[in-house]
Student: 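I'd like to ask some things about the structure below.
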Amino acid sequence: MSLNQLISIIKARWLLATSVFLFIVLLTLIVSFVFPKKYEAEASVILDVKSPDPINGIVLPGLTSPSYMATQVDIIQSERVARRVIVALGLDKSDQLREQWRDDTDGKGTFEAWLTERLQKNLGVRPSRESNVILLTYTAADPQFAAVMVNSFVRSYIDTHLDLRVEPAKQFGTLFEAQSKMLRERLEAAQTALTAYQRAKGLIATDERMDVENQRLNDLSSQLVALQSMTSESISRQAQISPNSQEVLNNPVVASLRADLSRAEAKLKEMQATWGEAHPQVQQSKASVAELKAKIDAETARVTSSVGINKTVSVSREAQIRSALEAQRGKVLKLKQERDEASVLLRDVENAQRAYDMSQARQYQTSLESQSNQTNISILKYASPPTDQSFPKVGLNMALAVFLGGLIALAITLAREMFDRRLRTIEDVNMGLGQPLIGIMPKSDAKSGAASSRKGLLALKGHRGVPELAAPKV
């Protein structure tokens, strides 16, 4: 269909098109004024996802995940937030709302679930695409009520977000409190066991007896080595002892007696040569020599016996030191065993203390988290009662009515034309009948009998078996 044909159809059926267009526009205008007005209040919050946690001191990795914003939107739209709004505003105590619930549901279900669903239907949540801002809107017939509701949703969302953060900390705090109590009892039991063992064994935390006993053991070992050398030397000396041995010859008494003996024997020889064997002085000198020899033999025997006595003393002292050394070694080993057992008990105390300290640290941290009243959510904008209605929007509705009314009027006009086709232009004759145009006749005016400016079209209809002229309807 050409533009000329479209214009001719609209001109011919302008009344129908105008009626349809005006009907749609008037209907839209009436509906816009008949429908109850609704107002939309808007508030906004911002989520801080990059600042470190004030308690942990680190940026929580979950805050920067792409799903964090979607999770926050779901929390705002959750039943828990809506129920908190209901309690905060006292809507659960409204008799009027309960009467509406009975009328809508015939008392089926719960009033809280019905009211929650109604509130959620009027709530709109829209996260910003390129930022951490979330917009909250609420639609109601009363602008003041809409502002109160959206502000209440904002506060309930912040409180719910805080509860979701604090509740796990409280649960963990209870767990760590019970764990700390058990670990404290275990620590006290370990300390009691260590103290009892130290008291029973006479040990102290920094027992220096081990060092003293080790020093005594070392001293006894040194003494034993020295006595073993002395004993060995005494045995060797005793084995080599004789009247002409070095020990005897070096003895001053023996040496003095031997010198006296030499002089006495020399004097005896002189007297024998001078006076003979029977002289009294010779006899006296022989007695003196014999006495000196007896003294020398006695002193030699004494020196020899002293070497044996020294060996016996050395052997005896060596046995005593050896016995004392074995006793000291047993004492040191026993003390070492006691200290090792005390060390095991001390490690038990240290491990229990370490576990208790860790549990106490976690309990303190969770206690701080459970008492936290700060979140990473800040309110950017509080909702105020809107002055302009959000529905229905008369200007937008009328613009759409004009546009859609024109399209619908045109569609209805074309549909009417398809059911009642007329030949209005030369293109209609050529395309509709497939016959050549032979002339244009003016249409007479029935009232004046004169020729009108309106013209009729004549087409030859004998070309395809119809041998007469036909004047199409105009």
Side-chain angles (χ1 to χ4, degrees), residues 56-58 172-241 246-247 304-368:
N56 296 319
I58 60 175
F172 282 116
T174 304
L175 174 64
F176 282 117
E177 183 178 359
Q179 186 73 12
S180 297
K181 182 178 180 181
M182 181 188 68
L183 291 176
R184 182 173 63 251
E185 293 175 354
R186 185 179 300 176
L187 175 61
E188 292 174 355
Q191 289 177 338
T192 302
L194 177 61
T195 303
Y197 184 82
Q198 289 177 337
R199 186 181 296 109
K201 300 299 181 179
L203 299 175
I204 57 176
T206 56
D207 195 358
E208 299 177 353
R209 290 188 303 164
M210 188 69 182
D211 298 333
V212 174
E213 299 299 336
N214 282 330
Q215 184 63 36
R216 290 178 180 176
L217 181 63
N218 295 331
D219 292 342
L220 290 174
S221 298
S222 301
Q223 293 178 19
L224 179 62
V225 171
L227 286 174
Q228 286 176 342
S229 299
M230 292 177 62
T231 302
S232 177
E233 182 181 358
S234 297
I235 293 174
S236 177
R237 288 172 58 190
Q238 185 180 16
Q240 297 176 1
I241 195 70
Q246 194 68 27
E247 287 79 4
T304 303
S305 63
S306 66
V307 173
I309 292 172
N310 290 336
K311 184 201 73 168
T312 303
V313 172
S314 296
V315 171
S316 176
R317 288 188 61 191
E318 180 183 351
Q320 293 177 357
I321 294 298
R322 189 184 300 277
S323 177
L325 180 63
E326 292 298 329
Q328 185 66 20
R329 184 180 290 113
K331 186 175 182 181
V332 170
L333 291 176
K334 181 180 179 182
L335 184 60
K336 186 176 183 302
Q337 181 180 1
E338 292 175 352
R339 292 194 63 179
D340 290 341
E341 293 176 358
S343 299
V344 173
L345 296 176
L346 182 60
R347 281 194 296 271
D348 292 341
V349 173
E350 293 174 351
N351 293 334
Q353 183 70 50
R354 190 179 300 110
Y356 177 70
D357 292 340
M358 292 176 61
S359 179
Q360 281 290 98
R362 289 292 296 150
Q363 181 183 356
Y364 178 72
Q365 182 177 355
T366 54
S367 176
L368 289 179

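Hydrogens, waters and symmetry mates are skipped; everything else that's a heavy atom, side chains included, is used.
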Student: To the closest 0.5 Å, what do you measure between CD (Gln328) and CG (Asn218)?
Tutor: 9.5 Å

Student: Determine whether more than 12 heavy atoms belonging to other residues, nucleotides or ligands lie under 6.0 Å from atom CE of Met182.
Tutor: yes

Student: Just checking, is any N or O donor in the side chain of Gln223 or Asp219 under 3.5 Å from an acceptor N or O on the other one?
Tutor: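 There is no such pair (donor and acceptor under 3.5 Å, judged by atom type) between the side chains of Gln223 and Asp219.
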
Student: So which heavy atom on Tyr197 is nearest to which on Gln337, and how close?
Tutor: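 Scanning both residues, the minimum pair turns out to be OH-O, 4.3 Å.
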
Student: Stepwise, does the side chain to side chain contact (heavy atoms under 4.5 Å, CB included) test hold for Leu187 with Gln191?
Tutor: CA-CA 6 Å; Leu187 175 61; Gln191 289 177 338; 3.9 Å; yes

Student: Hey, are Arg347 and Glu350 close enough for a salt bridge, meaning a charged N less than 4.0 Å from a carboxylate O?
Tutor: no

Student: Nearest 0.5 Å please: distance from the CZ atom of Arg199 over to the CG atom of Leu194.
Tutor: 10.5 Å

Student: To the nearest 0.5 Å, how far apart are CD in Gln363 and OH in Tyr356?
Tutor: 8.0 Å

Student: Applying side-chain contact (heavy atoms from CB on, under 4.5 Å), name anything that partners Arg322, two or more places apart in sequence or on another chain.
Tutor: Leu224, Gln228, Glu318

Student: What's the spacing between Gln360 CD and Glu177 CD if we round to 0.5 Å?
Tutor: 9.5 Å

Student: Can Gln179 and Ser359 be counted as having a side-chain donor-acceptor contact under 3.5 angstrom?
Tutor: no

Student: Look up atom CD in Gln353 and atom CG in Leu183, then write down how far apart they are to the nearest 0.5 Å.
Tutor: 10.5 Å

Student: Is the side chain of Ser323 donor-acceptor paired with the backbone N or O of Ala319 at a distance under 3.5 Å, no angle test?
Tutor: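 Side chain of Ser323 to backbone of Ala319: no pair is present.
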
